[in-house]
2 protein chains.
Amino acid sequence: MAYRILENPDLESALKTIKEGLMRNHLLIIIGECYIDYEGRSASKLGLGERIVIIKQDGAVLVHRPKGYSPVNWQPSTTTIEVWLRSGEGLSLLAARNRPCEYLRILFTKIFTIIEGVFHDSAEFVMYLSESEIRDIIFENPDLLEPGFKMLEKEKRIGQGAVDIYGLDSNNNHVLVEIKRVMGDREAVLQLYNYVENYRSGVENNVRGILLAPSFTPGALELLAKLKLEFKEIDLRKLRLLSQSSKKKPNSTLFEYMNEKGRD
Amino acid sequence: MAYRILENPDLESALKTIKEGLMRNHLLIIIGECYIDYEGRSASKLGLGERIVIIKQDGAVLVHRPKGYSPVNWQPSTTTIEVWLRSGEGLSLLAARNRPCEYLRILFTKIFTIIEGVFHDSAEFVMYLSESEIRDIIFENPDLLEPGFKMLEKEKRIGQGAVDIYGLDSNNNHVLVEIKRVMGDREAVLQLYNYVENYRSGVENNVRGILLAPSFTPGALELLAKLKLEFKEIDLRKLRLLSQSSKKKPNSTLFEYMNEKGRD
DNA sequence: ACATCTATATCGCCC
DNA sequence: GGGCGATGTAGATGT
């Protein structure tokens, strides 16, 4: 990581550093005393105070006060940023964008520190419990679906696609299960419907279709009823805990758990 | 602002500084290379990368990557934070909370810079329009109040105080208008009532009283009815748009507008 | 269809 | 009733 720190710069040096940083699309952290003005879909004003201003490498701007988890003002990366000295007043920074037309203006009266540099971070952000993870957990725990269920096949090919789970219920009905990680909508229902209809045409037995999702849109519920398909809510949190505990025995405290987890 | 900067600290020094900062409820900005683990309502994992971690004075934790306006991970201020060295691996930071039970774990493999200090920021954050701005806009646009209204005076002194707007309706009734920037409550109604009663005693004509606010408490509505006063909801958003377009002819670019605004 | 982005408002919950 | 946190999603928009 290539970066530099400017401590207690005069405003001219600060201006120079910020301009260079902006030109090179570097990340800037500016710590200083400032006023803030925002106007756009809403509007706000903030008096003088010591704050952290972050300008990211894609132009996103954040203003953070010393407390609270959310920024007091911000501007997404669709921003053009200008910065200039306003003699006798301070250093003015304007982050503006057109759609929607909004501006964020920051007037620094003092700048304590500027950090300017390039951050390298190409790691992928992974949300746990992907659809396939959910499928695996359900497959390993058939009772989560319904008592006496017999899991037969994951990703069973049907027509062009593949249904997440194929199995038999306690009455030996064929069952196709489609899983969604997010709220089940009409589209998910139709997807399941296509599998069921396609599969039904090849067998004599009754074929059930079940949609599994953390929640369902009203439209999806309506369509499920109309198409005589079933649904079941899954609790992602419980699923996660289940997948953990199946891997190892539970710890008495969160911190113990954390420490163990750290040692993996 | 009292703060210090640690450049390229070894992990022991970093640990010491972070612990001190946490103990004193100081704000910490940690720039380093780290892994992130989150687990709670959802769960996520993020591989190695250079990031900014901010621990605020109330314990809120933010992790920012070099791009994007939103934090990749965070923890609100209801957090307890622990930090320790994990030999051969790095510096581990755990921010956990109970309701909902969630943890955020950061493992720093390198720490480039730490800023630790106290930020002073007691300024009030004001959203939307000020009461006087609202008053001015309404005054300039009488039809917003009601068709055919004639504006006569702003801040008309009545007794000890001053009512926001005084004017005549289309039937030449005297009208007193009290404006509130936030939800109108009983107190606002009483304020208006006092003006109306006070003013009424000096004139023969009918005197109307109108309370203007973005919304009203049930108690306020009840009291308004009882005191035979009127109310009208104002849409702050529309007002703001109106004030923008009426103030000036539109500028060809946002920057022109900004520069003009800056010279005020 | 898909991914990517954004929320500056509202709701709900805790105090 | 007020203040703060959630939306660690839902919807919207662009490709």
Side-chain angles (χ1 to χ4, degrees), chain A residues 36-46 56 58-65 67-79 95 97 99-104 124-130 160-161 180-188 190-191 194 213-220 235-237 240, chain B residues 36-46 56 58-63 65 67-79 95 97-105 124-129 182-188 214-220 235-237 240:
Chain A
I36 317 260
D37 246 324
Y38 156 71
E39 190 157 333
R41 286 156 299 175
S42 182
S44 70
K45 192 175 278 203
L46 182 58
K56 296 234 198 154
D58 59 353
V61 180
L62 298 167
V63 183
H64 274 280
R65 306 185 75 175
K67 292 185 181 183
Y69 113 94
S70 64
V72 65
N73 283 112
W74 70 90
Q75 194 71 284
S77 58
T78 49
T79 297
R97 61 172 170 161
R99 286 193 316 277
C101 179
E102 299 196 292
Y103 74 82
L104 178 63
E124 193 198 1
F125 180 68
V126 184
M127 288 284 261
Y128 278 158
L129 287 195
S130 61
Q160 301 289 348
K180 289 293 161 201
R181 197 179 66 84
V182 292
M183 181 181 277
D185 57 9
R186 279 202 192 87
E187 197 178 308
L190 287 175
Q191 203 180 333
N194 289 335
S215 60
F216 300 88
T217 64
D235 185 332
L236 291 181
R237 192 162 192 157
R240 249 197 346 265
Chain B
I36 318 260
D37 246 322
Y38 155 71
E39 190 157 333
R41 288 159 300 174
S42 183
S44 70
K45 188 176 280 199
L46 183 58
K56 296 232 196 156
D58 60 354
V61 180
L62 298 167
V63 183
R65 306 185 74 175
K67 292 186 180 181
Y69 111 93
S70 64
V72 64
N73 283 111
W74 68 91
Q75 195 72 286
S77 59
T78 50
T79 297
R97 60 171 171 162
N98 291 323
R99 283 190 318 277
C101 179
E102 298 198 292
Y103 74 81
L104 178 63
R105 194 162 65 89
E124 195 198 359
F125 179 66
V126 183
M127 255 192 135
Y128 301 125
L129 300 165
V182 292
M183 182 181 278
D185 56 10
R186 279 201 193 86
E187 197 178 311
S215 60
F216 302 88
T217 64
D235 185 332
L236 293 181
R237 191 165 192 157
R240 206 154 36 70

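In this text, all values refer to a predicted model and were calculated from it rather than measured experimentally. Atoms considered below: every heavy atom in the structure, side chains included; atoms not considered: hydrogens, waters and symmetry mates. First the proteins, then the strands, lettered A, B, ... as listed; each starts at 1.
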Closest to side chain of [X], choosing from [options]:
X	options	value
A:S42	C:dA7, C:dA9, D:dG5	C:dA9
A:P76	D:dT7, C:dT6, D:dG5	C:dT6
B:Q75	C:dA7, D:dG8, D:dT7	D:dG8

May I ask you to decide whether B:K67 forms a salt bridge with A:D58, counting only side-chain N to carboxylate O separations under 4.0 Å?
->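 Salt bridge: no.
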Please give, in whole Å, the distance from [N] [atom2] to [X] [atom1]?
X	N	atom1	atom2	value
B:D58	D:dC4	CG	P	11 Å
B:R65	D:dG8	CZ	P	17 Å
B:F125	C:dA9	CZ	C1'	13 Å
A:L236	D:dT7	CG	P	14 Å
B:N98	D:dG5	CG	C1'	16 Å
A:L62	C:dC5	CG	P	15 Å

Reading DNA chain D 5' to 3', how would its secondary structure be written in dot-bracket notation, given Watson-Crick and G-U pairs with both distances under 3.5 Å, brackets [ ] for crossing pairs and | for partners on other strands?
-> |||||||.|||||||
Name the nucleic acid region contacted by [X], choosing base, sugar-phosphate or nothing; use a 4.0 angstrom heavy-atom cut-off, strictly under.
X	answer
B:V72	base
B:N73	base
B:S70	nothing

If you measure from the ring centre of B:W74 to the centre of the six-membered ring in the base of D:dG8, is it under 5.5 Å, with the planes under 30° apart?
->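 Ring-base stacking flag set for B:W74 and D:dG8.
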Ignoring hydrogens and geometry, is there a side-chain-to-backbone donor-acceptor pair from A:K56 to B:G68 under 3.5 Å?
->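 Checking the backbone N and O of B:G68 against the side chain of A:K56, a donor-acceptor pair under 3.5 Å is found.
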Hey, is the main chain of A:Y38 close enough, under 3.5 Å, to the side chain of A:E102 for a donor-acceptor pair?
->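 Side chain of A:E102 to backbone of A:Y38, a donor-acceptor pair under 3.5 Å: no, none is there.
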Return the 5'-most residue of the pair B:R186, B:S77 with respect to DNA chain D, ranking by each residue's nearest nucleotide.
->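 It is B:R186 whose nearest nucleotide is closer to the 5' end.
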Separation between the P atoms of C:dT10 and D:dT9, rounded to whole Å |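 Rounded to whole Å, the distance is 22 Å.
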